[in-house]
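The block underneath contains the structure these notes are about, expressed in structure tokens.
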Amino acid sequence: MIHSYLYLSIILFCLGIVGVISRRNVFTVFMSIELMLNAANLTFIAFSRIHESMDGHVLAMMVMAVAAAEAALALAVVILLHKHKSKLDTNVFSLLKG
């Protein structure tokens, strides 16, 4: 049973990697990163179910909290960059270099 969860997690993680590498839209990149984090959460919970402990569930909740904070900050940066450059391309982030 765990094999199906792990295969699904691997597929989701690979789709996230492909989305990060191949897309140039900032929102698509952030959605792909969230997909990768959810794939990791699925793995944590699958192993937690095998070992019959709540450790994986707690770790998945912590990852979701960090992902929510990351999404809020990233959205704020994207909105500010969009105000200045009027486009949502990943090349806009080169402006953040010192």
Side-chain angles (χ1 to χ4, degrees):
M1 187 69 177
I2 182 126
H3 298 293
S4 59
Y5 290 120
L6 291 179
Y7 290 143
L8 178 63
S9 178
I10 290 169
I11 290 169
L12 289 175
F13 196 82
C14 290
L15 284 174
I17 288 175
V18 168
V20 167
I21 291 173
S22 66
R23 300 295 178 172
R24 299 191 65 106
N25 189 349
V26 177
F27 289 121
T28 308
V29 170
F30 285 135
M31 285 185 349
S32 298
I33 291 171
E34 293 292 329
L35 188 65
M36 290 166 42
L37 288 173
N38 285 328
N41 284 341
L42 180 61
T43 304
F44 291 146
I45 291 175
F47 280 117
S48 176
R49 293 283 299 218
I50 285 178
H51 297 294
E52 295 178 356
S53 69
M54 292 298 289
D55 295 340
H57 297 286
V58 172
L59 190 57
M61 291 298 287
M62 290 183 356
V63 168
M64 282 192 275
V66 169
E70 173 259 337
L73 289 175
L75 185 60
V77 169
V78 167
I79 288 172
L80 286 175
L81 286 175
H82 180 66
K83 280 184 180 180
H84 290 292
K85 292 295 177 181
S86 298
K87 60 182 176 177
L88 292 176
D89 200 8
T90 54
N91 294 332
V92 175
F93 286 103
S94 64
L95 296 174
L96 297 177
K97 292 181 183 176

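Keep in mind that what you see is a predicted model, and the values were worked out from it rather than measured.
When the side chains of ILVMFWY residues are joined at heavy-atom separations under 4.5 Å, either directly or via intervening members, Phe30 and Val77 end up in a single hydrophobic cluster. Under the 4.5 Å side-chain heavy-atom criterion for ILVMFWY residues, a single connected hydrophobic cluster contains both Ile33 and Ile79. Taken together through direct or relayed side-chain contacts under 4.5 Å among Ile, Leu, Val, Met, Phe, Trp and Tyr, Leu42 and Met1 form part of one hydrophobic cluster.
Across Ala39 and Ser9, no two heavy atoms sit closer than the pair O-OG, 2.7 Å. Across every non-hydrogen atom of Ala71 and Glu34, the tightest pair is CB-OE2, 4.0 Å. Contact between Val20 and Met36 at its shortest, heavy atoms only, is CG2-SD, 4.2 Å. Across all non-hydrogen atoms, the minimal contact from Gly19 to Ser32 is CA-OG, 3.3 Å.
Remark: Ile10 pairs with Cys14 by the side chain to side chain contact (heavy atoms under 4.5 Å, CB included) rule, at least two apart or across chains. Partners of Phe27 according to the side chain to side chain contact (heavy atoms under 4.5 Å, CB included) rule, which considers only residues two or more places apart in sequence or in another chain, are Asn25, Leu75, Val78, Leu88. Asn38 is linked by a side chain to side chain contact (heavy atoms under 4.5 Å, CB included) to Asn41, counting only residues two or more places apart in sequence or in another chain.
To the nearest 0.5 angstrom, Phe13 atom CZ is 14.0 Å from Ile11 atom CD1. To the nearest 0.5 angstrom, Leu12 atom CG is 12.0 Å from Leu37 atom CG. Rounding to the nearest 0.5 Å places CG of Leu8 at 9.0 Å from OH of Tyr5. Going from atom NE2 of His57 over to atom CE of Met62 covers 14.0 Å, rounded to the nearest 0.5 Å.
Of the candidates Val63, Asp55, Val58, Phe44 forms a side-chain contact (heavy atoms from CB on, under 4.5 Å) with just one, namely Val63.
By the 6.0 Å contact criterion, CE on Met61 is open, its count of non-hydrogen atoms from other residues, nucleotides or ligands being 12 or less.
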